[in-house]
Amino acid sequence: MQKMLSLLSRVLKGTAQKPVTAVRVMVASRNYADFASEATFDVKKCDVHRLEEGPPTQAVLTREQGLQYYRTMQTIRRMELKSDQLYKQKIIRGFCHLYDGQEACCVGLESGINPTDHLITAYRAHGYTYTRGVSVKEILAELTGRKGGCAKGKGGSMHMYAKNFYGGNGIVGAQVPLGAGVALACKFFGKDEICVSLYGDGAANQGQIFETYNMAALWKLPCIFICENNRYGMGTSVERAAASTDYYKRGDYIPGLRVDGMDVLCVREATKFAADHCRSGKGPILMELQTYRYHGHSMSDPGVSYRTREEIQEVRSKSDPITLLKDRMLNNNLSSVEELKEIDVEVRKEIEEAAQFATTDPEPPLEEIANHIYHNEPTFDVRGANLWIKYKSAS
């Protein structure tokens with residue numbers, strides 16, 4: 001330590017022979033060793049329905065977890081901003097629903113379940129596609145309709161899939177009964193697995209959701225129903241769309257939690273609590289994640305005709321999930337400004353390289369248009385636009 005200070009003094013005086021970069025490396029390594037290994041944080045108490053107690057109000061965050069959560073949320077944020085740019089350049093076409101602002105939901109949720117658990121969501125699916133293991137390169141290539149996309153360029157924004165991830169579904173609310181079906185399979189095969197079935201506040205008034213609640217409760221399915229309440233269903237505020245905005249109570253006879261969806265630790269602890277509830281054989285549970293989207297409903301929605309720019313800016317300045325995690329880590333010596341900036345640079349580089357791939361990779365050839373209708377089936381003919389056009393469908 002004394003030698004390092006002496007060297008630093010000589011550098012400042014201009015008498016040292018070693019370059020300044022050497023000192024920077026030494027100082028960085030010293031700071032790295034001085035970081036705390038973990039810290040404990042207070043998280044907002046969850047509102048509960050039909051539960052004697054809720055998730056803990058304190059959460060332990062290790063340094064490694066913090067860096068992982070920060071990198072993942074920054075990657076999703078940058079990926080969505082790049083998608084916005086590519087859409088405006090007309091490289092991405094069609095439906096496109098961005099997830100920026102809601103990153104704490106998918107990152108906290110994934111950290112509270114197992115990779116072997118199952119997840120199905122609606123069409124704002126890019127964040128969950130990434131947390132379920134699909135690379136940024138494959139996601140952006142799918143958005144641009146390229147062969148290297150995670151669905152071979154045939155699914156686009158709303159239809160991405162991975163192992164134990166069932167999309168990306170374009171029909172509002174339709175994924176909820178499908179998720180209950182996956183949970184029924186988990187129970188039928190006796191696996192210690194659960195299914196997370198997500199939907200938005202805009203889908204929460206649909207009849208098929210209440211029918212699913214009923215079946216799940218009767219059969220005690222290991223299913224977490226999650227309403228991502230970002231306060232607007234398309235351009236309609238929740239207050240104008242629902243007689244009751246207590247979405248966590250909508251299950252009636254199903255227990256529920258209302259969670260701060262802008263705090264990754266709060267989401268993680270609530271998800272662990274809900275997962276333990278399902279695994280213990282108590283049946284389904286409902287979670288409402290109170291969150292916010294920065295973009296409009298889709299890329300065709302500017303997002304400021306039904307809310308003010310000041311409202312969006314206020315959420316960004318007071319409740320941004322990435323800023324909240326960053327401040328916690330810096331204030332508790334879990335990381336440094338320089339280290340997080342390095343992560344930001346690495347993330348930007350990864351996004352740019354993925355975008356380069358997504359704009360240069362070839363589109364799938366026409367002869368593959370009928371492929372992948374079935375899994376592991378013999379090749380068969382599929383009729384084209386008229387009787388005389390036929391395509392081969394391979395699994």
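- Taking CD of Glu368 as the reference point, atom NZ of Lys152 lies at 8.5 Å (rounded to 0.5 Å).
- Side-chain contact of Arg63 with Asn333: a donor-acceptor pair under 3.5 Å is absent, judged by distance alone.
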**Q.** Chi angles and distances behind the salt bridge (Lys or Arg N to Asp or Glu O under 4.0 Å) call for Asp263, Arg328
**A.** CA-CA 11 Å; Asp263 181 352; Arg328 278 174 166 167; 2.7 Å; yes
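- Under the side chain to side chain donor-acceptor pair (under 3.5 Å) criterion, Arg146 pairs with no residue, sequence neighbours left out.
- Residues in residues 344-360 take part in these side-chain hydrogen bond (donor to acceptor under 3.5 Å, both in side chains) pairs, two or more places apart or across chains: Tyr70-Asp344, Arg71-Glu346, Gln74-Asp344, Lys82-Glu352.
- Formation of a donor-acceptor pair under 3.5 Å by the Tyr87 side chain with backbone atoms of Gly94 is found in this model.
- Under the side chain to side chain donor-acceptor pair (under 3.5 Å) criterion, Asp47 pairs with Arg258, not counting sequence neighbours.
- Looking at Asp260 and Gln290, their side chains never bring a donor and an acceptor atom within 3.5 Å of each other.
- Note on residues 325-375: pairs passing ring-ring contact (aromatic ring centres under 6.0 Å, His included), not counting sequence neighbours, are Tyr374-Phe380.
- For Asp320, the salt bridge (charged side-chain N to carboxylate O under 4.0 Å, His left out) partners two or more places apart in sequence, or in a different chain, are Arg77.
- Of the listed residues (Tyr253, Tyr247, Phe225), just one forms a ring pair (Phe, Tyr, Trp, His ring centres under 6.0 Å) with Tyr213, and that residue is Phe225.
- For the residue pair Arg132/Tyr166, the side-chain donor-acceptor check at 3.5 Å is not satisfied.
- Closest non-hydrogen pair, Val136 versus Ala354, comes out as CG1-CB, 3.7 Å.
- Residues Gln208 and Pro177 share a closest heavy-atom pair of OE1-CG, 3.7 Å.
- Considering Tyr306, Tyr232, Tyr123 in turn, Tyr123 is the only one that fulfils the ring pair (Phe, Tyr, Trp, His ring centres under 6.0 Å) rule with His297.
- Under the side chain to side chain donor-acceptor pair (under 3.5 Å) criterion, Ser395 pairs with no residue, sequence neighbours left out.
- Using a 4.5 Å cut-off on side-chain heavy atoms (C-beta onward), Leu86 and Leu143 make no contact.
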